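In each ligand, atom 1 is the first atom listed, and ligand 1 is the first ligand listed. When a residue number appears, it is its place in the shown sequence, counting from 1. Owing to the predicted nature of the structure, the values given are computational and were not obtained by experimental measurement.
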Amino acid sequence: MTRIAANLQAVRARIDAAARAVGRAPESVTLLAVSKTWPATCVLDAAACGQRAFGENYLQEGLDKIAALAATESPGGLEWHFIGPLQSNKTRPVAENFAWVHSVDRLKIAERLSAQRPAGLPPLSVCLQVNVSGEASKSGVAPDDVSELARQIAALPQLRLRGLMAIPAPSDDPATQRAPFRELRQLFERLRADGLPLDTLSMGMSHDLEAAIAEGATLVRIGTAIFGDRSASV
Ligand SMILES: *Cc1c(COP(=O)(O)O)cnc(C)c1O
């Protein structure tokens with residue numbers, strides 16, 4: 001078994017255990033493999049184990065990998081998610097090459113993605129990135145502005161608003177990990193109660209996936225625990 005195959009199996013076991021611990025079905029949590037900084041051969045290793053969804057942060061690197069793997073034989077092909085910061089002058093290749101964007105945090109970006117999404121493709125799935133308390137970066141819409149922005153984005157024709165995403169600052173303390181995830185879930189439930197048909201809570205990384213799943217994550221974004229320490233990749 002390759003190192004990546006063994007790591008993937010261990011991550012799936014963590015996801016299953018975390019879901020069962022709170023009475024959730026393990027299949028209710030999608031695993032997004034974050035392949036940033038790792039070469040296409042590593043993506044192929046993971047794809048050979050049945051992993052289908054991959055996340056990239058850096059546009060050019062992601063585009064290169066998508067092109068290199070376009071002919072891969074994975075059933076149904078690979079599904080690419082853009083999860084990094086997005087500048088408005090770089091939206092076109094994202095709209096043309098990715099299936100999902102998790103990092104939408106302003107209307108201008110969403111409008112461009114919608115306008116640039118090719119008509120022959122299904123609508124681009126998007127999550128709103130929210131700056132919850134303890135956020136690791138300055139990106140993300142403020143919690144008070146989520147509702148209005150979500151409504152505006154949900155009205156764009158070539159986008160499908162799927163849910164919310166956050167990247168809280170790392171912590172070793174489970175209670176500290178859970179607080180921002182809970183805040184995101186409460187925002188998510190409020191939007192759903194208001195009638196938006198959202199299905200995705202994108203939260204949880206290698207070090208805090210258990211806390212995220214306990215708070216309702218439907219998609220965890222895992223890099224290090226699958227591919228290894230990124231400082232070793234470059
Ligand atoms: C790098 C990254 C991840 C994966 O983080 P790990 O700690 O390596 O699992 C997840 N989400 C985003 C937005 C990232 O930039």
Proximal atoms of ligand 1 relative to [X] (non-hydrogen, under 4.0 Å):
X	result
R221	4 (C), 9 (O), 10 (C), 11 (N), 12 (C), 13 (C)
I167	13 (C)
I222	9 (O)
N57	14 (C), 15 (O)
T224	6 (P), 7 (O), 8 (O), 9 (O)

Check: W80 ring centroid to F98 ring centroid under 6.0 Å: no
As an exercise, state the distance from [atom1] of [X] to [atom2] of [Y], rounded to the nearest 0.5 Å.
X	Y	atom1	atom2	answer
H102	F82	NE2	CZ	11.0 Å
I4	Q51	CD1	CD	11.0 Å
L191	S147	CG	OG	6.0 Å

contact_flag R230 ligand 1 heavy-atom lt 4.0 Å: yes
Any N or O of M165 closer than 3.5 Å to N or O of ligand 1: no
Which protein heavy atom lies closest to [atom], and at what distance to 0.1 Å?
atom	value
atom 9 (O) of ligand 1	S206 OG, 2.5 Å
atom 2 (C) of ligand 1	K36 NZ, 2.6 Å
atom 12 (C) of ligand 1	I83 CD1, 3.6 Å
atom 5 (O) of ligand 1	M205 CE, 3.4 Å

Salt-bridge test for [X] and [Y]: reply yes if a basic N is under 4.0 Å from a carboxylate O, no otherwise.
X	Y	answer
E210	R14	yes
E215	R185	yes
R178	D173	no

Short side-chain donor-acceptor distance under 3.5 Å, S125 and R162: yes
